[in-house]
Every structure is written in structure tokens, then in C-alpha cells.
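Report on the structure given below.
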Amino acid sequence: MIKLLFIALFGCICTVEAQLVMSKASPPPNIVFILTDDQDTLLGGMDPLVKVKKLLQDEGTTFTNMFTSTPLCCPSRASILTGRYSHNHETLNNTISGNCSSLYWQKTFETQTLAVAAQKANYRTFFAGKYLNQYGGKSVGGPQHVPVGWNQWFGLVGNSKYYNYTISDNGVPVQHGANYHEDYLTDLLANRSVDFIHNHKMRYTQPFFMMISTPAPHSPWDSAPQYSKMYENNTAPHTPSYNTKAVNKHWLVRQATHPMTKESMDYSDNAFRSRWRALKSVDDLVERVINALSKMKQLDNTYVFFSSDNGYHLGQFSLPIDKRQLYEFDLRVPLIIRGPGVSKNVTRSEPIVNVDIAPTVADIVNGGKGDFPLMMDGESLVPLLNSNNKPKWRSDFLVEYQGEGKDSPPPGCSPTWRGVSQCFPGCVCEDAYNNTYSCVRTLQPQHKVDLMYCEFTDTETFVELYNHTIDPHQLNNIKDTVDPTVLVKMNKRLIMLGLCSGKTCREQSYIDYSAIPTTKHWFVDALSRFWQHTQTLFNPYVSPL
């Protein structure tokens, strides 16, 4: 595991202009954070959630430009928990060697999460569901390990499952089987959450922070029996990038079989239907939590957050199913917030990132005055919760990912196919060691600027640049047709974000991109040489194409 320089001054506080007005007479607000797994927004991921629409969207604010900074479960969840980019919390992928719930993580960044911030503010904390993919493994403490910061812990061991799993119930491993009424995880999380809300009101006077992390809609997509026959005629959305041949993209995307085989298309269609069915139980969970808060007369004084760790794709650019890629379908996730003082039934278009969740929670539990730990990279969303506020906001942010691979080629593939992973029949692989990239995502609505600039760490030193204003589906890589001065500007901004920490990640930067696109047939050898020189990551695997 690559050790990067980080700041561990959890006690230091960053103060921005006070934005949330709380009455001194009112009790501190509660917070409920509901986190789904692999829920997209661009492929209809919110469509099955009719109760969420009524209970959260209509009663709160929806952020239409919410992104994950790393489109994979464990690093994204680490960012949500700590408010830091991947290069600062050092969780690179879903492996223990990639710092996913490793012993090193437990001793360092796990002590600096939003739960710890809530406890320090005298909140009683509760966690239920999926934590980090490698949580509970024998080599990292087993289910007996209860992460610091949580008063009540009901954590899933390992990755998402719906049946036949192990739960760490406050450090005691409990086995569950395949009985729907006793074991279906999404419903069990709802039961435990409702119980916590009822018991807390009866026993405690302090406010609470709850994090409910559902397995849905992650595979294996087991649905509750009552939803198992729904959406039988639905298919994966045929977006403009669906079943298209990737042109002028990174080799990993170019290697996808095109046109997709019937088996691959059928698989994607089944995944789409199954994901929607699994989400119906999340809809029920949200309703039960809201009803419990209302019954205990806590709803009016409770913030409810709803989001996901990363998006998803289902046949886009002929990739069957997964996440991990730099494209919008994998990066965009939902974010809805309702609560005291939050504007109702409105949307906001400011660019929001998963690193903003932790500082927002820390800000609220500290009184809503803009105070959150200095080492967090994100911003508090408190100033955006009232639609009348128009605060100065970021215009760009970082996306970064370090690919996963295996040293041996997948079964049935050429010996040259080593270093890849997440492979489907026909050697269509979704990840590789050198699927390692950093991007600067720029959104300047007032100037009609909507860009994505990415650089890969591979033998091609590949660059991708998309102008979403005219190409929202990222079909055309314009790196060879844009004014080279624009690429130099974006490269410099990417380097700064890639090295940022805490305050420097929040420093706003305006760059004039009015020259996009102007020139054609551009290639800058100096840019490639500079990028190679500044890499801190190295892998020996090259494209097998």
C-alpha cells in the first residue's frame, strides 16, 4: 500500500461564515443518513422510489449535481466517512492492501470519521448495514472489531448480501440464513433502525446520529418476495452510449466486445430489473424510518440525508455491468436532504461531492455555524439548505481511482491478459491495474462550462476530455481538437487538486475555458512527459490490446 502524506489534526477546526440559524431554545437536531449501494441517477435509479419522492424530495432539497469522487464502494465510503479524497484517506480500492478496512485504516482514518465528530458533540450514534467491503475479515480483527465512534453497531461482515450473511451486533457475530421474514437484510436494517428511534426517545435526552447503509441495489440483487415479479418487461436504458463502440477512449473501455452479445444484453437487462426490485425495499425502509420519527415526535427536528456511494452502468460503451469508470453514469449519485430549515421541493445545481457529507454532519452537530474539522477536504452543505442563499461555491473538484487487477489472466483469456479483473465471458473486463486515473470535473453554469478532463497512469499516458454542454453522453473525446492552452490549464488544476489536503482542496479556482474547442489535431509531448514525471503510482502492466 502506498503511503501518502496526510494531516491528522482532527481537533483543528475550520470556520466559515455562519449559515444555519438554530434557535437557542430548540434542542440540537437529530441526523439520519441513509446510504444505498451502487445506486445511479442517470439510468433511472431513483424511479422505483415513489415513497422517497413523497417523503424526502417533496419535503426537502434535491442536489442534481451530486458526484462521487471515486466510483467504487470502499474508497467512496471512506470519503463519505472522513470527508477526504482518496489520496488523503489512502483507501484506494476494495482490497485490504488498498486500505479497505485494513488495520492501518482502523488505527488512523477510522478515528477521524463523522461518527467521532458526532460523539464529540454529545450525539448518540447508531450504524446499521454495510460498512466497508473488507470489514469483519479475520486478518483485520473479525466481527469483534467495532469501529470507534459508534454507540450502537450492527455492521455487515464483508460486501453486500441480502441472505446468508454475518452481522456484527456490537462486536458479537450473528449468523443469518435465508428466511425472508427473519433474515432479509434491508428489512432487518429497517427493523433495527425503528427500534433505535423508539428506544432512544424513551431512554436518552441527547440527540442522535444514525447511518443506515443498505445492500440494495448492489448485486446479488435479491428482492423481497412481494417485489420479485415487478418490472418484467423493463430493459436496461438504451442511452446514446448503450451498446456503442468506444472510440478514442482508454484501452480498457475499447476492449469491450461490440456489438454486445445477446447473452451480455440479457444479463444487463436482468440486472436492471433486479436492481429496481431490490430498491423497492429501500423505499419501504425510508417510509418506516420517517413514520417512526413522526410517531416519536422527532421528525420536525431531524435532518434526513439520502445518497449512494457510486453510480452504475448497464451496457454503456458495451461494458456489461459495473462501476469504476470516469463517466457520468458511474459518478453521479442521488443526494436529498430534508430537515429543519431546509427548503422544500426545490433543486439545487451546485456541484456537490461525497467528501461534503462528513463536514456537513460535523457542521450540524456543532451548531450549524460553519465549524468542521480542518483536515476534511469537503465543504459543509449547510449554506445550500435554504434556497434563498446564493453562496460562492466551488466550480470544480477531483475524481480519482486506482485500478484493481490480478497477476494471472482470467480463465479462457490470452496469457497477455494479466493485470485485469472483473471479467465477463469473452474476456470483457471492467477493471485493470492501469485503469488508474485522475480527473478534474468542472461545472461553471454561469459560463456554460461543463467539462471532464482525465489523465491515466499507463503506458499510453492517455488523456480524455469531454465537453458535456454539447456532448452529455461523453461520446467524443476532444483532447485532439481543443486549444492546447486549455489542456495545459486543466493539467495544472488537476495537479493542484491531486496534491490538495484540507483547506487547499476547498480553495476555489476560476479558469477561463472559453476556447473550447478551437484547434484540431493537437498532441503535446511535453504534457505526457510531465505527467509521467509527476506520477507517484507505478504498475508494470500494459494494455493487452
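- Side-chain atoms of Asp38 and Asn310 form a donor-acceptor pair, as typed in the model, at a separation below 3.5 Å.
- Side-chain N or O atoms of Asp40 include one that pairs as donor or acceptor with a backbone N or O of Leu43 at under 3.5 Å.
- Without hydrogens or angle criteria, Ser387 side chain to Ser343 main chain gives no donor-acceptor distance under 3.5 Å.
- A cation-pi arrangement is absent between Arg332 and Phe63 under the rule of less than 6.0 angstrom and at most 45 degrees off the ring axis.
- Residues Trp393 and Ile352 are in side-chain contact: their nearest non-hydrogen atoms beyond the backbone lie under 4.5 Å apart.
- Cys423 contributes atom SG, which lies 8.0 Å from atom NZ of Lys406 (distance to the nearest 0.5 angstrom).
- Side-chain rings of Tyr131 and Trp105 stay apart, their centers remaining 6.0 Å or farther from each other.
- Defined by atom type and a distance below 3.5 Å, a donor-acceptor pair is present between the side-chain atoms of Glu110 and His145.
- The structure places CG of Leu56 at 10.5 Å from CD1 of Ile337, a figure rounded to the nearest 0.5 Å.
- Sorted by first and then second residue, the salt bridge (Lys or Arg N to Asp or Glu O under 4.0 Å) pairs involving residues 279-288 (not counting sequence neighbours) are Lys51-Asp284, Lys51-Glu287.
- A donor-acceptor pair shorter than 3.5 Å cannot be found between the side chains of Thr469 and Asp450.
- Checked by atom type and distance alone, the side chain of Ser79 pairs as donor or acceptor with a backbone atom of Pro75 at under 3.5 Å.
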Check against side-chain hydrogen bond (donor to acceptor under 3.5 Å, both in side chains), Thr436 and Gln402 = CA-CA 4 Å; Thr436 295; Gln402 178 169 310; 5.3 Å; no

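- Within the 3.5 Å criterion, the main-chain N or O of His473 finds no donor-acceptor partner in the side chain of Ser241.
- Electrostatic pairing of Arg418 and Asp407 does not count as a salt bridge here, judged by no charged N lying under 4.0 Å from a carboxylate O.
- Side-chain polar atoms of Gln325 and His313 form no donor-acceptor pair below 3.5 angstrom.
- Donor-acceptor pairing under 3.5 Å is recorded for the side chains of Gln316 and Thr239.
- A donor and an acceptor atom, one from each side chain of Ser421 and Glu404, are nowhere located under 3.5 Å apart.
- Within the structure, salt bridge (Lys or Arg N to Asp or Glu O under 4.0 Å) pairs that include any residue of residues 236-249 do not occur (at least two apart or interchain).
- One finds the CG atom of Leu81 at 9.5 Å from the OG1 atom of Thr91 (value rounded to the nearest 0.5 Å).
- Under the side chain to side chain contact (heavy atoms under 4.5 Å, CB included) rule, Phe306 has a single partner from Leu35, Leu335, Thr36, which is Thr36.
- Take Glu464 and apply the side-chain hydrogen bond (donor to acceptor under 3.5 Å, both in side chains) test, not counting sequence neighbours, and it matches Tyr327, Tyr466.
- Asn133 contributes no side-chain N or O that, together with a main-chain N or O of Asn94, makes up a donor-acceptor pair within less than 3.5 Å.
- Distance check: Glu455 CD to Phe462 CZ gives 12.0 Å after rounding to the nearest 0.5 Å.
- The local environment of CG in Asp300 is sparse, with at most 12 non-hydrogen atoms from other residues, nucleotides or ligands closer than 6.0 Å.
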Take Asn434 and Trp251 through the side-chain hydrogen bond (donor to acceptor under 3.5 Å, both in side chains) test and state the conclusion after the steps.
-> CA-CA 10 Å; Asn434 65 7; Trp251 73 266; 3.0 Å; yes

Would you check, one step at a time, whether the test side chain to side chain contact (heavy atoms under 4.5 Å, CB included) holds for Tyr231 with Phe272?
-> CA-CA 9 Å; Tyr231 312 120; Phe272 175 77; over 6 Å; no

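- With Tyr312 as the aromatic partner, Arg275 meets the cation-pi criteria of under 6.0 angstrom to the ring centre and within 45 degrees of the ring axis.
- Considering only residues two or more places apart in sequence or on other chains, His200 meets the ring-ring contact (aromatic ring centres under 6.0 Å, His included) condition with Phe196, Tyr204, Phe208.
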Yes or no on salt bridge (charged side-chain N to carboxylate O under 4.0 Å, His left out) for Glu460 and Lys479, after CA distance, side-chain angles and deciding distance?
-> CA-CA 14 Å; Glu460 297 179 296; Lys479 71 179 178 68; over 6 Å; no

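- Of the options Val32, Val342, Thr360, Val361, a side chain to side chain contact (heavy atoms under 4.5 Å, CB included) to Tyr303 is made by Val342 and by none of the others.
- For Asn243, the side chain to side chain contact (heavy atoms under 4.5 Å, CB included) partners are His258, Pro259, Met260, Met265, Ser318, not counting sequence neighbours.
- For residues 171-185, no residue pair satisfies the salt bridge (Lys or Arg N to Asp or Glu O under 4.0 Å) rule, not counting sequence neighbours.
- Salt-bridge annotation for Arg441 and Asp396: absent, with no side-chain N of the basic residue lying under 4.0 Å from a carboxylate O of the acidic one.
- When each of Thr95, Asn99, Asn93 is paired with Ser97, the side-chain hydrogen bond (donor to acceptor under 3.5 Å, both in side chains) condition holds for Thr95 and for no other.
- Under the side-chain hydrogen bond (donor to acceptor under 3.5 Å, both in side chains) criterion, Lys53 pairs with Asp58, sequence neighbours left out.
- The pair Asp330-Lys323 does not count as a salt bridge, with every side-chain nitrogen at least 4.0 angstrom from each carboxylate oxygen.
- Listed by first and then second residue, the salt bridge (Lys or Arg N to Asp or Glu O under 4.0 Å) pairs involving residues 343-361 are Glu59-Lys344, Arg348-Glu350, Asp356-Arg394 (not counting sequence neighbours).
- If you check the gamma sulfurs of Cys454 and Cys439, they are less than 2.5 Å from each other.
- No donor-acceptor contact under 3.5 angstrom links the side chains of Thr70 and Ser76, judged on distance only.
- Note that the CZ atom of Arg77 and the OG1 atom of Thr113 stand 14.0 Å from one another [nearest 0.5 Å].
- When only modelled atom types and interatomic distance are considered, Asp431 and Asn435 share a side-chain donor-acceptor pair under 3.5 Å.
- Residues passing the ring-ring contact (aromatic ring centres under 6.0 Å, His included) test with Tyr242, sequence neighbours excluded: His238.
- Between Tyr165 and His176, the ring planes lie parallel to each other; the angle is under 30°, not in the 30° to 60° tilted range.
- Using modelled atom types, one finds a donor on one side chain and an acceptor on the other under 3.5 Å when comparing Gln298 with Asn30.
- Sequence neighbours left out, the pairs with a member in residues 265-274 that pass side-chain hydrogen bond (donor to acceptor under 3.5 Å, both in side chains) are Lys262-Asp266.
- A search for ring-ring contact (aromatic ring centres under 6.0 Å, His included) contacts involving Tyr184 returns Tyr162, Tyr163, Tyr180, not counting sequence neighbours.
- Under the rule for a ring-ring contact (aromatic ring centres under 6.0 Å, His included), the partners of Phe209 that lie at least two apart in sequence or sit in another chain are Trp150.
- In this model, a donor atom of one side chain and an acceptor atom of the other lie less than 3.5 Å apart for Ser69 and Asn354.
- Between Leu72 atom CG and Arg324 atom CZ the span is 5.0 Å, to the nearest 0.5 Å.
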